[in-house]
Structure formats: C-alpha cells, structure tokens
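The next block holds one structure in the form of structure tokens; read it before the comments.
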Amino acid sequence: MPLSAARAADALLPHFEGLVEHWDASGAPGQGAGPAGLVLICDHASNVLPLDWPVLGGDLGLSAEAQVSHAAWDIGALGLARGLAARLAPVTGGTVLVSAPLSRLAYDLNRAPDHPAAMPAMSEVHEVPGNRDLTAADRLARTEAICLPFHATLATEIARLVARGRRPALIAVHSFTPVYFGMKRAVEFGVIHDDDQTLTHAVIEAAKGCGLDTRLNEPYSAAGDVTHTIRLHAVPLRLPNTMLEIRNDLIADAPAQAAMADRLAPVLATALTATGAV
C-alpha cells in the first residue's frame with residue numbers, strides 16, 4: 001500500500017488513547033499544583049471489545065464466558081490501581097494512572113506488535129476466533145488504533161512530569177488467575193523486574209510480614225516478555241520501575257480491592273522511600 005493510501009486508511013480508524021486519572025498530594029482525585037512522583041499503569045484494565053469496529057475485530061467471536069474471564073482482562077487490577085493511587089499520592093506528591101480502554105484480546109498493550117501474544121488466537125483455554133489468520137494489514141490496523149495511541153498517552157504523561165523536574169517511579173499493576181491450565185497457583189503477590197531490579201527487590205523486602213505469599217518473578221518473569229510496557233517507558237529514561245501481579249481471587253470485588261490497597265500501599269510506600277524513588 002502506498003504511504004499516502006496508508007495514511008488515508010489510518011485516518012478512518014478510531015484512536016483508543018489511554019485513559020488518564022490524577023490524584024493530588026492530599027490523595028484526592030484531581031491534578032495537583034506540583035508534578036506527581038508516581039505513574040501507575042494498568043494496561044489490562046478493560047474487557048471492552050471494539051464492537052463498532054469490525055476492522056479491529058469487532059466482538060472477536062468470543063464466547064460470553066471468555067469475555068468475562070481473565071483471558072480478556074486483569075480482573076480487579078483497575079480497582080486496585082485506583083486504590084493504590086489514592087493511598088500513595090500523599091507519599092509521592094501525587095499520582096497518575098494510565099489505563100487501557102479495550103480488552104487485551106483486541107490488542108495486548110504489554111506486548112510488542114510482532115509478539116505472538118499481542119493478538120492471540122488462543123488465550124489459555126479460550127479461543128479467540130477473531131484473531132485467527134490475521135493479515136499484516138489487520139495487525140497494522142490494530143497497532144495504529146489501539147497500541148500506538150495508548151503508549152503515546154503514557155509517554156506524554158511521563159514526559160510532562162519529567163519536564164517539570166520529577167523523575168516518577170513507574171509501577172505496572174496486573175492480576176493473574178489462581179488456576180492456569182488446570183494447575184493451582186499458591187503465590188498471591190508477585191513482583192517482577194526488568195533490567196533495573198532495585199525497586200522490585202525493595203518491594204520484596206518491604207512485603208515481608210504483609211501476610212501474602214510474595215515471590216520474586218512469579219507467576220511470570222521478564223524472560224516471558226511480560227515487562228514490555230515498563231521496558232518501553234521506564235528503561236530509556238532510567239526511571240524507577242517494577243511490575244506487580246496480584247492473584248485475582250484476592251481482588252475480585254470492590255471491598256477486596258480496597259482491602260488489598262490498604263495492605264499493599266504501606267509496602268510500596270516503604271519501598272519507594274527506601275530506594276529514593278520519591
């Protein structure tokens with residue numbers, strides 16, 4: 001396709017930007033006078049499908065069961081991230097949360113465009129018919145409409161803070177299923193690092209005694225390409241970063257998410273302070 005034609009086609013696509021929320025230094029919703037010291041990322045926040053856009057997969061042919069399953073989103077992660085944002089804002093001088101507007105089955109924002117899991121035809125035991133036999137044009141359309149706008153939003157929020165003199169810590173918030181391919185997982189709280197291990201190890205140390213089965217690089221690790229978002233945004237700017245994984249049966253509803261935020265916020269605050277990240 002000629003470049004001019006490609007640009008014309010892109011102009012017809014929607015752009016699903018990241019959803020941005022702010023908490024000021026008091027912990028109240030809203031943007032404060034000073035730059036925030038923490039950016040929380042929830043790139044698997046939603047199970048919404050691009051129903052009005054067949055070019056982006058539409059309903060993906062998903063079963064009702066698959067759409068509400070962990071395959072479609074990180075259950076409880078957004079509510080937990082919001083709870084952490086409010087509780088950590090007084091420690092960090094404010095927080096920013098950037099979350100995904102669509103299901104990861106339309107495009108997994110924590111994967112590079114050439115990664116097989118970016119638009120998977122199968123997610124654990126769940127089939128994704130709308131992702132079978134995608135053409136290069138199909139993959140490009142989703143990259144242009146979903147991947148690039150989200151990461152542009154996140155990059156913009158970070159750049160604004162850096163320009164104002166802050167070097168914010170980046171923490172990605174995820175959840176995982178307690179049973180995967182029929183195997184039960186005992187781990188309750190996983191902390192995962194990319195190249196920079198400093199904040200991750202500080203969280204592991206601070207989590208001792210928090211009452212959760214806490215493990216380093218479980219149930220996933222960077223070796224499985226699960227740190228794409230923090231690698232893309234934190235590593236080039238040498239910003240403090242880590243990735244959190246909470247078992248989703250522990251954060252399945254709003255009260256549980258609030259209780260987990262109460263439990264984890266002091267852990268994260270201790271780690272952020274001990275490493276000089278805030």
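Any value given below was found using the heavy atoms of this structure, including those in side chains, with hydrogens, waters and symmetry copies removed.
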(message) When you group the ILVMFWY residues by side-chain heavy-atom contacts below 4.5 Å and let the links chain together, are V203 and L250 in the same group?
(response) yes
(request) To the nearest 0.5 angstrom, please state how far the CZ atom of R231 sits from the CG atom of D194. (result) 4.0 Å
(message) Has N47 got a side-chain atom pairing as donor or acceptor with Q67's backbone, closer than 3.5 angstrom?
(response) yes
(message) Using only atom types and a distance under 3.5 Å, with no angle test, would you say the side chain of T214 pairs donor to acceptor with the backbone of L212?
(response) yes
(message) For M119, is there any backbone N or O sitting under 3.5 Å from a side-chain donor or acceptor partner on R142?
(response) no
(message) Which residues end up grouped with L60 if you chain together Ile, Leu, Val, Met, Phe, Trp and Tyr wherever their side-chain heavy atoms are less than 4.5 Å apart?
(response) L49, L51, L62, L105, V128
(message) Check this for me: does any side-chain nitrogen of one of E127 and R132 sit under 4.0 Å from a carboxylate oxygen of the other?
(response) yes
(message) I'd like to know if the side chain of D262 reaches the main chain of A259, judged simply by a donor and an acceptor atom lying under 3.5 Å from each other, with no hydrogens or angles considered.
(response) no
(request) Working to the nearest 0.5 Å, report the span between CG of L78 and NE2 of H44. (result) 13.0 Å
(message) Looking at R111 and P116, would you say the former's side chain and the latter's main chain have a donor-acceptor pair under 3.5 Å?
(response) no
(message) In this structure, would V173 and W23 fall into the same cluster of hydrophobic residues linked by side-chain contacts under 4.5 Å?
(response) yes
(request) Report yes or no: does E188 contribute a side-chain atom to a donor-acceptor pair with the main-chain N or O of D213 at less than 3.5 Å? (result) yes
(request) Over all heavy atoms of both residues, which pair between L56 and P50 is shortest? Give the atoms and the distance, please. (result) O-CG, 3.7 Å
(message) Would D114 and R139 count as a side chain to side chain contact (heavy atoms under 4.5 Å, CB included) here? Give the steps.
(response) CA-CA 9 Å; D114 62 345; R139 298 179 70 88; 5.7 Å; no
(message) Just checking R238: does its CZ atom have more than 12 heavy atoms from other residues, nucleotides or ligands closer to it than 6.0 angstrom?
(response) no
(message) Could you tell me if the side chain of P219 sits less than 4.5 Å from the side chain of Y180, heavy atoms only?
(response) no
(request) May I ask you to decide if A77's main-chain N or O and Q257's side chain share a donor-acceptor pair within less than 3.5 Å? (result) no
(request) Specify the closest pair of heavy atoms between A72 and S103, including all atoms of both residues, with the distance to one decimal. (result) O-OG, 2.8 Å
(request) Report whether I246 and I230 are members of the same hydrophobic cluster (ILVMFWY, side-chain heavy atoms less than 4.5 Å apart, transitive linking). (result) no
(request) Could you give me the CA-CA distance, side-chain angles and deciding distance for S175 and I251, then say whether side chain to side chain contact (heavy atoms under 4.5 Å, CB included) is met? (result) CA-CA 8 Å; S175 72; I251 52 172; 3.9 Å; yes
Pairs under 3.5 angstrom only: tabulate donor-acceptor contacts from the side chains of residues 25-42 to other protein residues two or more places apart or in another chain.
residue: S26; atom: OG; partner: D24; partner atom: OD1; Å: 2.6
residue: S26; atom: OG; partner: A28; partner atom: N; Å: 3.3

(message) I need the full list of ring-ring contact (aromatic ring centres under 6.0 Å, His included) pairs touching residues 61-95, with sequence neighbours left out, sorted by first then second residue.
(response) none
(request) Check I75 against S69 and note the closest heavy-atom contact, atom names and distance. (result) CD1-C, 4.1 Å
(message) Can you confirm whether E65 is buried at CD, in the sense that more than 12 heavy atoms of other residues, nucleotides or ligands lie under 6.0 Å from that atom?
(response) no
(message) Whether the side chain of N241 engages the backbone of L199 through a donor-acceptor N/O pair (distance < 3.5 Å, no angle test) should be reported.
(response) no
(message) Show me the pairs that pass ring-ring contact (aromatic ring centres under 6.0 Å, His included) and involve residues 106-139, at least two apart or across chains.
(response) none
(message) Can you tell me how far apart OG1 (T198) and NE2 (H193) are? Round to the nearest 0.5 Å.
(response) 10.0 Å
(request) Evaluate the side chain to side chain contact (heavy atoms under 4.5 Å, CB included) criterion for residues H15 and L148: first the C-alpha distance (whole Å), next the side-chain angles of each, then the deciding distance (0.1 Å), finally the verdict. (result) CA-CA 8 Å; H15 281 199; L148 296 182; over 6 Å; no
Only distances under 3.5 Å count here; give the side-chain donor-acceptor pairs of residues 265-278 to other protein atoms, sequence neighbours excluded, each with its distance to 0.1 Å.
residue: T270; atom: OG1; partner: P266; partner atom: O; Å: 2.9
residue: T273; atom: OG1; partner: A269; partner atom: O; Å: 2.9
residue: T275; atom: OG1; partner: A271; partner atom: O; Å: 2.9
residue: T275; atom: OG1; partner: L272; partner atom: O; Å: 3.3

(request) Measure the OH-OG1 distance between Y220 and T227 for me, rounded to the nearest 0.5 Å. (result) 14.0 Å
(message) Checking the side chain of R247 only, and the main-chain atoms of A186 only, is there a donor and an acceptor separated by less than 3.5 Å?
(response) yes
(message) Between V235 and L244, is there shared hydrophobic-cluster membership here, with clusters defined by ILVMFWY side-chain heavy atoms closer than 4.5 Å?
(response) no
(request) Return the minimal non-hydrogen interatomic distance between S221 and I192, and the atom names on each side. (result) CA-CG2, 4.0 Å
(message) Please check this pair: side chain of S63 against backbone of A66, looking for a donor-acceptor N/O pair closer than 3.5 Å.
(response) yes
(request) Indicate the atoms forming the closest heavy-atom contact of V191 with T242, along with that distance. (result) CG1-OG1, 3.4 Å
(message) I need the minimum non-hydrogen distance between S46 and A100, along with the two atoms involved.
(response) CB-O, 3.5 Å
(request) Find the distance between CG (D43) and OG1 (T229) and round it off to the nearest 0.5 Å. (result) 4.0 Å
(message) Is there a path of hydrophobic side-chain contacts, each under 4.5 Å between heavy atoms, that joins L264 and V187?
(response) no
(message) Can you tell me how far apart CE (M243) and CG (L170) are? Round to the nearest 0.5 Å.
(response) 13.0 Å
Sequence neighbours excluded and cut-off under 3.5 Å, please list the side-chain donor-acceptor pairs for residues 150-161, or say none.
residue: H151; atom: ND1; partner: H233; partner atom: NE2; Å: 2.9
residue: H151; atom: NE2; partner: L109; partner atom: O; Å: 2.9
residue: T153; atom: OG1; partner: G18; partner atom: N; Å: 3.1
residue: T153; atom: OG1; partner: P149; partner atom: O; Å: 2.9
residue: T156; atom: OG1; partner: A152; partner atom: O; Å: 2.8
residue: E157; atom: OE2; partner: R160; partner atom: NH1; Å: 3.3

